[in-house]
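The structure appears below as structure tokens.
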Amino acid sequence: METIYDLVIIGGGPAGVAAGVYSARKKIQTLFITENFRGQSAVSGEIQNWIGEISIAGADLARKLENHLKHYAKDIEIREGEIVTEIKKTDNSFTIITNKNSYQAKTILIATGSVRKKIQIPGATEYEGKGITYCATCDGPMFSDMAVAVIGGGNSAFESASQLLAYAKSVTILQRSDFRAEKIMIDKILSNPKAKGITNIDLLEIKGDKFVKAIIYKDKASGEIVELPIQGIFVEIGANPSVAFIENGLVKLNNKEEIIIDQKTQKTSTAGIWSAGDCTDGLYKQNNIAVGDAVKAIEDIYRYLKN
Ligand code: NDP
């Protein structure tokens with residue numbers, strides 16, 4: 001007879017791993033499904049606010065999380081390399097369909113995180129990989145002594161700018177409204193003579209020949225159109241929740257496609273399904289928060305299963 005798991009956890013980022021460690025320790029019969037153990041922060045060069053580590057590379061944090069979960073391998077079944085494509089609700093359980101298998105579960109925790117948003121202006125698709133990139137850590141060194149721009153005004157944009165200042169000749173941060181990153185980070189970056197911040201603009205077009213040569217924007221206040229010569233563009237404009245497998249109103253989503261959760265318990269709108277981390281409508285997206293929220297979810301799932 002097919003196993004009906006007490007819990008299926010989906011996602012191998014900080015939220016999923018925290019949930020996995022807690023559920024294993026509580027001996028909840030759990031199946032853990034993830035495509036990989038590379039949460040979004042895996043590409044961060046340096047993370048300075050993961051509590052307990054003054055500084056850690058994103059890849060090292062991802063590895064530590066994976067090791068922590070796998071330490072409990074005898075108490076939790078881990079399926080790596082599987083992607084959930086659909087979840088069907090039946091009377092008393094859920095069917096979780098992946099690219100390889102299908103599973104039954106009494107409860108589900110969705111911790112699938114989010115994926116990076118792409119810039120959509122003329123030239124953006126054409127020049128992707130030809131000067132436009134979405135990863136400062138991966139591609140920054142290729143832009144040594146060049147003039148580069150970062151698009152976005154959040155913490156990711158400033159983190160990328162910080163990395164790029166080590167290589168580039170100049171780094172211009174282009175933001176459509178005001179900067180929203182932590183003030184300490186904004187002040188630190190903009191005090192570097194190689195950095196410049198430009199706010200309240202409309203990005204219009206990316207131009208070049210074989211490679212990017214310039215970005216064109218309009219100053220919203222003056223209406224002036226500016227052509228900024230640059231050789232690299234790093235896009236950091238946020239992320240979209242990874243919820244493609246959620247169909248037919250399985251759980252309620254908000255207008256940003258984030259899973260609506262009860263902030264006290266992480267319950268979704270559907271009994272038996274919880275969610276934690278960047279795929280939810282939680283206001284602040286942080287590794288530390290994702291982990292705490294996932295723990296909250298497991299406490300609530302444990303209670304639900306015991307009743
Ligand atoms: P955010 O959503 O915080 O910021 C995205 C930025 O991109 C905003 O400034 C936004 O402008 C701009 N933007 C969005 N869409 C477009 C578009 N289509 N065209 C141009 N600009 C656009 O995303 P982040 O990736 O920076 O951060 C995500 C979360 O992760 C945040 O909670 C952040 O604090 C956290 N984080 C924390 C870090 C840390 O603490 N070390 C490091 C990195 C991220 P607007 O403001 O006008 O909407």
Side-chain angles (χ1 to χ4, degrees), residues 13-15 38-62 111 113-125 127-128 132-138 140 149-164 171-190 197-206 215-221 226 228 233-242 254-258 276-293:
R38 294 181 60 76
Q40 267 194 77
S41 297
V43 294
S44 281
E46 193 185 3
I47 298 169
Q48 295 180 342
N49 57 5
W50 175 251
I51 300 307
E53 301 271 4
I54 292 166
S55 170
I56 184 167
D60 290 340
L61 175 60
S114 57
V115 289
R116 303 280 300 284
K117 271 206 269 183
K118 300 240 167 167
I119 188 87
Q120 287 172 330
I121 54 172
T125 314
Y127 289 107
E128 192 171 329
I132 300 180
T133 151
Y134 288 79
C135 181
T137 309
C138 325
V150 176
I151 300 178
N155 280 322
S156 299
F158 278 83
E159 204 175 75
S160 287
S162 164
Q163 292 179 37
L164 292 167
V171 178
T172 307
I173 305 158
L174 299 170
Q175 161 62 345
R176 64 181 181 184
S177 58
D178 286 328
F179 292 136
R180 63 155 90 162
E182 285 169 13
K183 193 170 178 319
I184 188 169
M185 189 74 168
I186 299 174
D187 292 346
K188 184 179 156 211
I189 299 299
L190 296 184
I198 299 175
T199 53
N200 294 307
I201 54 162
D202 279 328
L203 295 168
L204 300 180
E205 192 184 345
I206 292 161
I215 185 161
I216 302 172
Y217 65 84
K218 182 170 140 186
D219 183 304
K220 285 187 194 170
V226 178
L228 179 73
I233 298 176
F234 292 80
V235 184
E236 292 291 354
I237 60 170
N240 290 322
S242 302
N254 70 8
N255 59 4
K256 291 193 240 165
E257 301 232 299
E258 294 166 332
D278 285 8
C279 57
T280 73
D281 68 341
L283 197 52
Y284 305 106
K285 316 288 198 236
Q286 294 283 316
N287 286 326
N288 293 296
I289 293 175
V291 161
D293 284 350

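Every number for a ligand or one of its atoms is a count from 1 in the order of the listing. All values derive from a computational prediction rather than experimental measurement.
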Flag for [Y]-[X]: side-chain donor and acceptor within less than 3.5 Å:
{"X": "Glu53", "Y": "Ser55", "result": "no"}
{"X": "Asn254", "Y": "Glu258", "result": "yes"}
{"X": "Asn200", "Y": "Asp178", "result": "yes"}

Would you compute the distance between atom [atom1] of [X] and atom [atom2] of [Y] and round it to the nearest 0.5 angstrom?
{"X": "Glu182", "Y": "Glu159", "atom1": "CD", "atom2": "CD", "result": "9.5 Å"}
{"X": "Gln120", "Y": "Thr125", "atom1": "CD", "atom2": "OG1", "result": "7.5 Å"}
{"X": "Ile56", "Y": "Trp50", "atom1": "CD1", "atom2": "CH2", "result": "8.5 Å"}
{"X": "Thr172", "Y": "Ile198", "atom1": "OG1", "atom2": "CD1", "result": "5.5 Å"}
{"X": "Ile151", "Y": "Ile206", "atom1": "CD1", "atom2": "CD1", "result": "5.0 Å"}

**Prompt:** Considering all protein heavy atoms, does one lie under 4.0 Å from atom 16 (C) of ligand 1?
**Reply:**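 Neighbour list for atom 16 (C) of ligand 1 includes protein heavy atoms (cut-off 4.0 Å).
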Using a strict 4.0 Å cut-off to heavy atoms of [X], name the atoms of ligand 1 that fall inside it.
{"X": "Ser177", "result": "45 (P), 46 (O), 47 (O)"}
{"X": "Gly238", "result": "5 (C), 23 (O), 25 (O)"}
{"X": "Ser156", "result": "24 (P), 25 (O), 26 (O), 27 (O), 43 (C), 44 (C)"}
{"X": "Lys117", "result": "14 (C), 15 (N)"}

Protein residue, atom and distance nearest to [atom], heavy-atom basis:
{"atom": "atom 39 (C) of ligand 1", "result": "Asn49 ND2, 3.3 Å"}
{"atom": "atom 34 (O) of ligand 1", "result": "Asn155 ND2, 2.8 Å"}
{"atom": "atom 42 (C) of ligand 1", "result": "Glu159 OE2, 3.5 Å"}
{"atom": "atom 19 (N) of ligand 1", "result": "Ile119 CD1, 3.7 Å"}
{"atom": "atom 21 (N) of ligand 1", "result": "Ile237 CG2, 3.5 Å"}
{"atom": "atom 37 (C) of ligand 1", "result": "Gln286 NE2, 3.2 Å"}

**Item:** Side chain Asp219, main chain Val226, donor-acceptor under 3.5 Å
**Value:** no
Once you restrict to heavy atoms under 4.0 Å, what part of [X] touches ligand 1? Side chain, backbone, both or neither.
{"X": "Gln175", "value": "side chain"}
{"X": "Glu236", "value": "backbone"}
{"X": "Arg180", "value": "side chain"}

**Asked** Where the closest heavy atom to atom 29 (C) of ligand 1 is concerned, which of Glu182, Arg116, Lys285 has it?
**Response**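 Looking at heavy atoms only, Lys285 sits closest to atom 29 (C) of ligand 1.
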**Request:** Output yes when the distance from some N or O of ligand 1 to some N or O of Gly153 is under 3.5 Å, and no in every other case.
**Result:** yes
**Prompt:** Does a side-chain heavy-atom distance below 4.5 Å link Tyr217 with Asp202?
**Reply:** no
